[in-house]
Amino acid sequence: MCLFLHFILKNNICNLKNSLSYNFTMKEKFLINGGKILSGEIEVEASKNAYLPILAGSILCDDEVTFLNAPYFTDIENMCEILKILGVKIRRDGEVLSLDLHNIKNEKISHEHTNKLRASIFLLGPLLAKFRQASISYPGGCNIGTRPIDIHISAFKSLGVKIVERHGYIYCNAQNMRAGKVVFSSISVGATESVMMSAVLLKGKTTLYNVAREPEVKELANFFNAMGAKISGAGSDRIEIEGVKRLKGVSFKVFPDRIIAGTHLLLGAMLGKNMRVIGARREDNEILFNILKECGCSLEEDEMGATISSNGKYNACRFIETLPYPNFPTDLQPQFMAFQTLGKGTSVIKENLFENRFNHVMELVKMGADIFVKDRLAIVKGVEKLYGADVFASDLRAGAGLVLAGLVAEGYTTISNIEYIDRGYERLEEKYARLGADIKRVKE
Ligand code: EPZ
C-alpha cells in the first residue's frame with residue numbers, strides 16, 4: 001500500500017513541479033506587422049523528425065557519435081534530457097552535438113518526460129534491443145489527436161516481446177524477442193522506426209511489411225548503416241534488417257527538414273520576390289512543388305534549393321488530402337491552409353491522419369478567412385485579404401500556419417503560445433526578419 005501511495009504522491013509532486021516550472025518560465029509571443037514583400041535567402045535546418053528517432057537510436061552504439069548539424073529545436077533539447085537520464089554524456093558546440101555512449105543504463109522513462117515529447121516512444125525499440133526490457137510512460141498526446149501506440153505494441157508482441165500496460169506505464173520484457181516477420185496493421189512512422197531499431201542487434205533477419213516510407217525513415221536507416229547495421233529497403237513498403245553484433249561510432253549529418261522547407265516555400269508563394277530556400281528539395285516535397293507551380297507561382301530549382309516568387313495572386317488548389325508519404329504531408333496542412341485562404345476560388349482540404357488537426361481554423365477565421373469545417377474536411381473559400389488579430393498557437397504546425405497568415409495579413413497580429421513553434425523551428429522570427437518581415441519575439 002505504501003509503495004502505491006509513494007507512487008501517487010511522487011506523480012503528483014512532479015505534476016505540481018511541472019506546472020510551477022511552466023508558470024515560472026516567462027511566456028513570449030510574436031508581434032507581426034504584416035504585408036511586407038520578402039526576398040533573400042533562408043536556409044532550412046536539419047530534419048526534426050529524423051533527428052528524434054536517430055538520437056533515440058544512438059543508445060544502441062557503445063561508442064561516441066557526433067552530429068554535425070543539430071538544430072536548436074526544443075524537441076531535440078528534450079530528447080537530449082531523456083538521453084542524459086540514460087547515462088549519455090552530451091556536449092554541444094554550436095550545431096555540433098557529441099554523444100558519449102559508453103555508459104548507458106536502463107532507466108524508467110517517466111511521465112514527466114514522455115508528456116513533453118511524443119517522440120519519447122522512439123526509445124522503446126532501442127531499450128528493448130539493448131537491455132531486453134523497458135518501462136516507459138505513455139507518450140503525451142498533443143492537441144492534434146490521441147496519438148495511440150497500439151500499432152507499436154502489436155508489432156513488438158509479434159516479435160515475442162511480453163508487454164503489460166498498467167497505471168499509464170508500458171512494461172516490456174524482451175528476453176524471448178526473436179527476429180521474424182512484422183506486418184503493421186496500418187502505416188505508422190513512429191512504429192516503423194521504433195521496431196526497425198529494435199531489430200538492429202537482433203540475431204537473424206527481421207522483415208517489416210506495410211511500413212511508413214517517409215524520407216525520415218530512410219535517413220534513420222542511413223544513420224544505422226553508417227554505424228555498421230544491415231538495413232535494406234527503407235523508403236519502400238518492405239524493410240529487412242539483418243542483426244549485427246555491435247555498432248561503431250560515427251560523425252553524421254542529417255538531411256534538411258522537408259516540413260520547414262515546405263513552410264518557407266508556402267510563405268514565398270504568398271509574399272516572395274526571388275526568395276531562395278536553401279535545402280528545399282523536390283524529392284522531399286514533390287506534390288507541393290507541383291501545386292505551387294499549378295497555383296501560378298514561379299519556382300526555380302537549383303542544386304542547393306529553390307527560388308520562389310509570387311505576385312500574391314494565385315489560384316486555389318481545388319482539393320488536397322493528407323496521406324502517408326509520398327502523398328501530401330499532414331505536417332504541412334495548417335501552413336497550406338493559410339496559403340489557401342487567399343487563393344482565387346475554393347479549396348477543399350481533407351485531413352486523414354489526425355482527428356483533431358484543424359485547431360488553427362478558428363484562429364484563421366479571426367483574421368478574416370472564410371473556412372467551413374465538417375468532420376475531416378475544411379472548405380476554404382479564398383478572400384481578398386486577411387486582417388491582423390490576436391491569435392493562439394495550439395500546436396507546432398498550427399502555430400507555423402498562423403505565422404504565415406500574420407505575415408500576409410494587413411495590420412498587426414500577435415501569436416501567443418509560441419513555445420509550440422519553438423519545438424520545431426529555430427528562432428523563426430529572426431530568420432523571417434532577415435527576409436524583410438516585420439516580426440518580433442516579445443514578452444506576453
Ligand atoms: C510522426 O508522428 C511525426 N512525428 C509527426 O510529426 C507526423 O505528423 C506523423 O509521423 C505522420 O507523418 C515524428 O516523427 C516525431 P504515425 P507519429 O504513427 O509517428 C495513428 C510534427 O509536427 N497511430 O505515423 O506519431 C495516429 O494516431 C509531428 O512534426 C495509431 O493509431 O505518427 C495517426 O492517425 C506531428 N496507433 C496515424 O496512425 C499507433 O500505434 C499516423 O501516425 C501509432 C499511430
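Indexing begins at 1, ligand by ligand and atom by atom, following the structure's order. Quick note: residue numbers are just sequence positions, from 1. These figures come from a predicted structure and were not determined experimentally.
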For ligand 1 and Glu214, I'd like to know whether there is a polar contact (N/O to N/O, distance under 3.5 Å). no
For ligand 1, note which part of Tyr325 has a heavy atom under 4.0 Å away: side chain, backbone, both or neither. neither
In ligand 1, the atoms that come under 4.0 Å of a heavy atom of Gly190 are 18 (O), 19 (O)
Numbering the atoms of ligand 1 from 1, which are under 4.0 Å from a heavy atom of Arg397? 21 (C), 22 (O), 29 (O)
Under a 3.5 Å cutoff, is there a donor and acceptor pairing between the side chains of Thr330 and Glu351? yes
Any chance you could lay out the salt bridge (charged side-chain N to carboxylate O under 4.0 Å, His left out) test for Glu429 and Lys431, step after step, and finish with the verdict? CA-CA 6 Å; Glu429 75 283 6; Lys431 304 233 160 91; over 6 Å; no
Can we say Glu216 and Lys218 salt-bridge, meaning some charged N sits less than 4.0 Å from an Asp/Glu carboxylate O? no
Report the part of Glu216 (side chain from C-beta onward, or backbone N, CA, C, O) that has a heavy atom under 4.0 Å from ligand 1; answer both or neither where that applies. neither
Ligand-residue contact atoms, ligand 1 with Arg357, heavy atoms, under 4.0 Å: 8 (O), 22 (O), 35 (C)
Evaluate Pro148 for polar contact with ligand 1, using N/O atom pairs at a separation under 3.5 Å. yes
Kindly determine whether Asn352 and Lys350 satisfy side-chain hydrogen bond (donor to acceptor under 3.5 Å, both in side chains), including the steps that lead there. CA-CA 6 Å; Asn352 291 305; Lys350 187 164 187 259; 2.7 Å; yes
Is Lys205 paired with Glu242 through a side-chain N to carboxylate O contact shorter than 4.0 Å? no
What about Thr330: any of its N or O atoms under 3.5 Å from an N or O on ligand 1? no
Ligand 1 to Val189, heavy atom cutoff 4.0 Å, flagged ligand atoms 10 (O), 12 (O), 16 (P), 18 (O), 19 (O), 24 (O)
Specify side chain, backbone, both or neither for Lys48, according to which of its non-hydrogen atoms lie closer than 4.0 Å to ligand 1. side chain
Using a strict cut-off of 4.0 Å, indicate which atoms of ligand 1 neighbour a heavy atom of His152. 40 (O)
Could you check whether Ser416 and Glu444, counting side-chain N and O atoms only, form a donor-acceptor pair closer than 3.5 Å? yes
With only distance considered, is Asn49 within less than 3.5 Å of ligand 1 through an N or O on each side? yes
Can you confirm if the aromatic rings of Phe73 and Tyr425 lie within a centre distance of less than 6.0 Å? no
Sub-3.5 Å N/O-N/O distance, Ile144 and ligand 1: no
Between Arg357 and Asp331, does any NZ, NE, NH1 or NH2 come within less than 4.0 Å of an OD or OE carboxylate oxygen? yes
Charged N to carboxylate O under 4.0 angstrom, Arg91 versus Glu64? yes
State whether the shortest distance between N or O atoms of Glu355 and N or O atoms of ligand 1 falls below 3.5 angstrom. no
Look at Asp257 together with Lys48 and state whether they make a salt bridge at an N to O cut-off of under 4.0 Å. no
Any N or O of Leu52 that comes nearer than 3.5 Å to an N or O of ligand 1? no
Can you list the ligand 1 atoms lying under 4.0 Å from a non-hydrogen atom of Leu353? 33 (C), 34 (O), 37 (C), 41 (C)
